[in-house]
**Student:** 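One structure coming up, written as structure tokens, with questions to follow.
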Amino acid sequence: MPIANRTLGVLISGRGTNLQAIIDAIAANTLDAKLNVVISNAPDAQGLDRAKQAGIETLVLDHRDKAKFASRDAYDRALARELKARGVELVCLAGFMRLLTQAFLSEFPNAVVNIHPSLLPSFPGTNAQYQAWEHGVKWTGATVHFVTAELDGGPIVLQETVPVKDSDDADTLASRILDTEHRLYPKAIELLLSGGWKLDGRRFVRG
Ligand code: GRF
């Protein structure tokens, strides 16, 4: 089923270059979507300025504010409420550094996606680019996947490979992966919004 109103919410914690790629793809009409809100758990996230500059509503939900969010579930419920209040249909995590619980995920069934800088299921978790470089793989890449309660473990939507060169250090590799991410994420979102896909078990299949 296509996603009717093509409305997105992006969750960030930091610099927001993937958010920027989404904003740019919408502006360039390669992604037909409306970005209704950008939410950060970190008040100082650079991505908030990117959103403001593009005229997109921003919100900070600081998970450290225990007066507002007594538990992880309370935080996740508040997050879901803010997204729903803004008509968000597809939630895109872009460097959002928190695990989401079932309290959140059950509000957006098969409608929360993430981008990860490796070819999952290899190298989940933080520092995936360094993990791949240090392991000595010859190919790594980027993955867009559905978010489940398992860290970086949901069904895979799209992947793209990136070669690891002998001359690479972890930083040069990370920067090539990042360029790939910026291409891949808007493409995956467009695919998800357009429909014509289904989940067969954990296999994302088109047609
Ligand atoms: C990206 O490498 C993304 O794959 C990972 O976190 C990083 C976020 O970078 N989940 P940015 O904030 O989009 O620049």
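Hydrogens, waters and symmetry mates play no part in the numbers below; they use all other heavy atoms, side chains included. Ligands are counted one by one from 1 in listed order, and the atoms in each one are counted from 1 as well.
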**Student:** Could you say whether the N/O atoms of Ile115 and ligand 1 ever approach to under 3.5 Å?
**Tutor:** yes
**Student:** Determine, step by step, whether Leu48 and Val60 satisfy the side chain to side chain contact (heavy atoms under 4.5 Å, CB included) criterion, reporting the C-alpha distance in whole Å, the side-chain angles of both residues, the deciding distance to 0.1 Å, and the verdict.
**Tutor:** CA-CA 9 Å; Leu48 289 168; Val60 173; 3.7 Å; yes
**Student:** Please report which non-hydrogen protein atom sits nearest to atom 9 (O) of ligand 1, along with the residue it belongs to and the distance in Å to one decimal place.
**Tutor:**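 Here the closest protein heavy atom is Arg15 NH2, 3.3 Å.
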**Student:** Do the side chain of Asn5 and the main chain of Thr7 share a donor and acceptor less than 3.5 angstrom apart?
**Tutor:** no
**Student:** Nearest heavy atom to atom 11 (P) of ligand 1: which of Thr17, Thr180, Thr143 does it belong to?
**Tutor:** Thr17
**Student:** Any N or O on Leu178 sitting closer than 3.5 Å to an N or O of ligand 1?
**Tutor:**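 It does not: no N or O of Leu178 is found under 3.5 Å from an N or O of ligand 1.
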**Student:** Note the single closest protein heavy atom to atom 6 (O) of ligand 1, along with its residue, its atom name and the distance in Å.
**Tutor:** Gly95 CA, 3.6 Å
**Student:** Identify, for atom 13 (O) of ligand 1, the protein heavy atom at the shortest distance, and state residue, atom and that distance.
**Tutor:** Asn18 N, 2.8 Å
**Student:** Between Lys68 and Tyr75, is NZ or CZ placed under 6.0 angstrom from the six-membered ring centre and within 45° of the ring axis?
**Tutor:**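 Judged by the rule, Lys68 and Tyr75 form no cation-pi pair.
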**Student:** Over 60° means perpendicular and under 30° means parallel, so tell me whether His145 and His116 are parallel, tilted or perpendicular.
**Tutor:**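 Correct class here is perpendicular.
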**Student:** Ile22, Phe146: one ILVMFWY side-chain cluster at the under-4.5 Å cut-off?
**Tutor:** yes
**Student:** Tell me if the centroids of the rings in Phe123 and His135 come within less than 6.0 Å of each other.
**Tutor:** yes
**Student:** Can Pro117 be said to touch ligand 1, with heavy atoms closer than 4.0 Å?
**Tutor:** yes
**Student:** Would a single hydrophobic cluster contain both Ile3 and Ile26, if residues Ile, Leu, Val, Met, Phe, Trp and Tyr are joined by side-chain heavy-atom contacts under 4.5 Å?
**Tutor:** yes
**Student:** Below 3.5 angstrom, do we get any N/O pair linking Glu181 and ligand 1?
**Tutor:** yes
**Student:** Measure the distance from atom 12 (O) of ligand 1 to every protein heavy atom, then report the residue, atom name and distance (to 0.1 Å) of the closest one.
**Tutor:** Gly16 N, 2.8 Å
